[in-house]
Amino acid sequence: MGLTKIAVIGAGLMGSGIAQSLAMGGKEVLLYDSSGKALEKGGAAIRKSLDRFVKSGSLTEAESGEVLQRIRPVHDVWSTVKDAWLVIEAVPESLSLKKLVFEELDRLAPVEAILATNTSELSVTAIAAATERPEKVLGMHWFNPAPVMKLIELVKGEDTAQETIERVQDVSREIGKETVVVKDRQGFVTTRAIAAHMLECMRMYEEQVAEPEDIDKAIRLGLNYPMGPLELADLVGLDTMLFVCEGMAAAYGDRFLAPQSLRKLVEAGHYGRKTGKGFYTYAGQRETSPS
Ligand SMILES: CCCCCCC[C@H](O)CC(=O)SCCNC(=O)CCNC(=O)[C@H](O)C(C)(C)COP(=O)([O-])OP(=O)([O-])OC[C@H]1O[C@@H](n2cnc3c(N)ncnc32)[C@H](O)[C@@H]1OP(=O)([O-])[O-]
Ligand SMILES: NC(=O)c1ccc[n+]([C@@H]2O[C@H](COP(=O)([O-])OP(=O)(O)OC[C@H]3O[C@@H](n4cnc5c(N)ncnc54)[C@H](O)[C@@H]3O)[C@@H](O)[C@H]2O)c1
């Protein structure tokens with residue numbers, strides 16, 4: 001029996017959602033995080049999300065239980081990847097960290113396994129160069145919340161083989177997702193676009209053009225976005241936002257410089273929903289009081 005499993009490395013905001021999305025699509029998933037606490041938190045996030053699907057009628061209780069059965073939390077990298085044909089990395093947005101993780105995955109995963117990074121904007125080519133299998137490395141950029149968002153943006157590194165792209169297109173389709181294929185340029189398509197929008201709105205927030213609530217409301221109701229930029233930033237995670245700004249500003253210059261307000265919130269440890277405070281303050285669920 002060939003390799004049948006899919007491994008997810010990193011059980012945070014995205015890794016937990018990616019594991020859930022794969023399991024909801026019928027795949028057997030092994031989920032690992034270097035922090036046991038984060039692995040537990042990821043499991044709780046998956047259960048909470050499945051409850052929403054049951055409440056909204058998209059899943060029955062039994063189906064929700066079957067999805068959970070398909071996700072195995074694992075406490076070491078080797079056991080996570082040894083039977084995997086696809087390994088998806090979702091660790092923090094740091095190129096040096098991702099290179100280290102990919103070096104380790106290259107050593108431990110089966111030689112024929114595909115290694116995918118969920119990076120928002122970092123160089124897939126640079127990450128692939130940390131392995132001996134660049135033709136099997138690609139960007140598999142999911143969107144938050146992964147179980148709900150329809151797109152996976154596939155990023156072709158300099159040496160990514162066409163067969164690698166096609167196999168990941170197939171599995172994305174099998175789990176009900178749509179894909180686009182983009183070149184390995186900083187920010188790809190989606191992050192470059194959403195960053196331009198969100199950062200400009202953050203600068204309007206800093207210039208006090210309008211109250212944060214009204215900036216979000218204007219974009220939500222005026223442009224029909226499902227979320228305003230500041231509430232979305234709190235959902236994505238201000239730490240991730242800042243990481244992404246660093247990479248994008250280095251590639252494209254000042255237009256992607258991190259607004260001071262974003263930097264200060266991150267320096268203060270306020271990452272948005274995941275810490276309970278960002279542009280807004282959260283006590284369990286979204287409160288309207290801007291911080
Ligand atoms: C400067 C740097 C900038 C870039 C940074 C990095 C970017 C990153 O790389 C890419 C991104 O992710 S970019 C970000 C890309 N992402 C975006 O742009 C997100 C934009 N926001 C949205 O699409 C919506 O606000 C949400 C779907 C988040 C919530 O929807 P809502 O209407 O506000 O609230 P609702 O009515 O409660 O939920 C509606 C339905 O969805 C269901 N549900 C919700 N969450 C769920 C979960 N976790 N689990 C399960 N189910 C969940 C819910 O049950 C309901 O189902 P029903 O059957 O209708 O009852
Ligand atoms: N947050 C978003 O909306 C979003 C959307 C798309 C893509 N991304 C990208 O996904 C990646 C993860 O982002 P996130 O928001 O899930 O971050 P997160 O901080 O919520 O989760 C990262 C997880 O990785 C774990 N981790 C750290 N080092 C590790 C290691 N060496 N091995 C295994 N696990 C390790 C951490 O314990 C943490 O649980 C980043 O590259 C980010 O840019 C984020």
Side-chain angles (χ1 to χ4, degrees), residues 7-18 20-21 24 31-42 45-59 64 74 76-77 80 88-95 97-105 117-122 127 139-153 187-202 219-220 225-229 231-249 256-259 262 271-275 285-286:
V8 177
I9 306 292
L13 263 179
M14 292 308 291
S16 58
I18 291 168
Q20 179 189 334
S21 306
M24 287 176 74
L31 178 62
Y32 165 77
D33 197 293
S34 53
S35 145
K37 202 156 146 282
L39 188 55
E40 264 169 51
K41 223 172 136 209
I46 291 169
R47 286 188 293 277
K48 187 161 167 250
S49 173
L50 287 172
D51 289 347
R52 289 186 73 165
F53 278 108
V54 170
K55 224 178 262 129
S56 70
S58 328
L59 282 181
S64 169
V74 189
D76 72 282
V77 183
T80 309
I88 304 169
E89 163 273 314
V91 303
E93 188 72 348
S94 147
L95 186 57
L97 173 62
K98 289 186 188 293
K99 282 179 166 178
L100 276 177
V101 167
F102 270 73
E103 270 168 24
E104 184 182 32
L105 295 178
T117 171
N118 181 48
T119 182
S120 297
E121 43 79 43
L122 293 168
I127 293 167
M140 199 178 176
H141 182 210
W142 300 64
F143 295 82
N144 186 352
V148 179
M149 302 303 284
K150 287 306 280 177
L151 183 75
I152 303 176
E153 183 176 40
F188 319 137
V189 168
T190 58
T191 300
R192 194 166 159 185
I194 194 79
H197 159 67
M198 293 173 85
L199 293 176
E200 198 52 37
C201 292
M202 268 179 218
I219 301 298
R220 221 178 315 112
Y225 281 42
M227 277 172 104
E231 55 190 352
L232 178 59
D234 279 352
L235 175 75
V236 162
L238 303 187
D239 51 336
T240 295
M241 298 284 290
L242 185 57
F243 277 130
V244 172
C245 284
E246 314 286 10
M248 298 292 281
F256 286 107
L257 265 184
L262 172 65
Y271 297 168
R273 285 193 191 195
K274 60 181 167 181
T275 59
Q285 66 253 332
R286 166 78 194 287

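The first residue of the sequence shown is numbered 1, and numbering continues consecutively from there. Just so we're clear, the structure is a prediction, and the values are computed from it rather than from any experiment. As the structure lists them, so they are numbered: ligands from 1, and atoms in each ligand from 1.
- Under a 4.0 angstrom heavy-atom cut-off, Met14 registers as lying outside contact with ligand 1.
- Taking any N or O of Thr240, backbone or side chain, none lies under 3.5 Å from an N or O belonging to ligand 1.
- For ligand 2, the polar-atom distance check finds no N/O of His141 at less than 3.5 Å from any of the ligand's N/O atoms.
- Looking at Lys41 and Asp33, no side-chain N of the basic residue comes within less than 4.0 Å of a carboxylate O on the acidic one, giving no salt bridge.
- Which of Met241, Lys150, Glu231 comes nearest to atom 5 (C) of ligand 1 through a heavy atom is settled by distance: it is Met241.
- Using a 4.5 Å heavy-atom cutoff, the side chains of Leu199 and Met248 are not in contact.
- For atom 39 (C) of ligand 1, the nearest protein heavy atom lies 4.0 Å or farther away.
- Residue-level proximity to ligand 2 for Ser34 is carried by backbone and side chain together, each with a heavy atom below 4.0 angstrom.
- Close approach of ligand 2 to Ser120 is summarised as follows: ligand atoms under 4.0 Å from at least one heavy atom of the residue are 7 (C), 8 (N), 9 (C), 42 (C), 43 (O), 44 (C).
- With a heavy-atom cut-off of 4.0 Å, Leu50 does not touch ligand 1 at all.
- Glu40 CD: 12 or fewer foreign heavy atoms inside a 6.0 Å radius.
- Among all protein heavy atoms, the one lying closest to atom 44 (C) of ligand 2 is Met14 CG, 3.4 Å.
- Within the structure, the closest approach of Phe143 to ligand 2 does not fall below 4.0 Å when heavy atoms are considered.
- Each of the following atoms of ligand 1 lies closer than 4.0 Å to a heavy atom of Ser56: 56 (O), 57 (P), 58 (O), 60 (O).
- Residue contacts with ligand 2: Ala90 is included, with a non-hydrogen atom under 4.0 Å away.
- Considering backbone and side-chain N/O of Thr119, none are found under 3.5 Å from N/O of ligand 2.
- Using a 4.5 Å heavy-atom threshold, the side chains of Val148 and Phe53 count as touching.
- Residue contact check: Glu93 has heavy atoms under 4.0 Å from atoms 40 (C), 41 (O), 42 (C), 43 (O) of ligand 2.
- Of the N or O atoms in Gly15, none lie within a sub-3.5 Å distance of an N or O in ligand 2.
- Contact annotation: for Tyr32 versus ligand 2, heavy atoms closer than 4.0 Å belong to the side chain alone.
- There is no protein heavy atom less than 4.0 angstrom from atom 29 (C) of ligand 1.
- The N/O atoms of Asn144, backbone and side chain alike, include one that comes under 3.5 Å of an N/O atom in ligand 1.
- Test Glu104, Glu103, Glu89 against Lys98 for salt bridge (Lys or Arg N to Asp or Glu O under 4.0 Å) and you get one pass: Glu89.
- The residue Tyr225 has no part lying near ligand 1, judged by heavy-atom distances below 4.0 Å.
- Looking at Lys48, Arg52, His141 and measuring to atom 37 (O) of ligand 1, the nearest heavy atom belongs to Arg52.
- Contacts with ligand 2 closer than 4.0 Å are made by heavy atoms of both the backbone and the side chain of Asn118.
- Heavy atoms of Pro145 found under 4.0 angstrom from ligand 1 belong exclusively to the side chain.
- Every atom of ligand 2 is numbered from 1 in the order shown, and the set under 4.0 Å from a heavy atom of Gly12 is 16 (O), 20 (O), 21 (O), 23 (C), 39 (O).
- Contact of the Thr117 side chain with the Met140 side chain is not registered, since no non-hydrogen atoms from C-beta on lie closer than 4.5 Å.
- Within the 4.0 Å heavy-atom criterion, neither part of Lys55 lies near ligand 1.
- Polar contact with ligand 1: absent for Gln20 (N/O pair, distance under 3.5 Å).
- For atom 18 (P) of ligand 2, the nearest non-hydrogen atom of the protein is Lys274 NZ, 3.8 Å.
- With a heavy-atom cut-off of 4.0 Å, Met149 touches ligand 1 through its side chain alone.
- Of the polar atoms of Lys98, at least one N or O is found under 3.5 Å from an N or O of ligand 2, judged by distance alone.
- Geometrically, ligand 2 and Leu97 share no nitrogen or oxygen pair separated by less than 3.5 Å.
- Of the polar atoms of Trp142, none of the N or O atoms is found under 3.5 Å from an N or O of ligand 1, judged by distance alone.
- The closest side-chain heavy-atom distance from Phe256 to Arg192 is below 4.5 Å.
- Between Asn144 and ligand 2, at least one N/O pair is under 3.5 Å apart.
- Atoms of ligand 2 found under 4.0 Å from any heavy atom of Val101, numbered from 1 in the order shown, are 31 (N).
- Proximity to Ile9 (heavy-atom distance under 4.0 Å) selects the following atoms of ligand 2: 33 (C).
- To the nearest 0.5 Å, atom CD of residue Glu93 and atom CD of residue Glu246 are 11.0 Å apart.
- Contact annotation for Leu232 and ligand 1: only side-chain heavy atoms (C-beta onward) come within less than 4.0 Å of the ligand.
- Counting heavy atoms only, Val236 comes closest to atom 2 (C) of ligand 2 of the residues Leu100, Leu235, Val236.
- Looking at Thr240, Val91, Leu39, it is Val91 that brings a heavy atom closest to atom 40 (C) of ligand 2.
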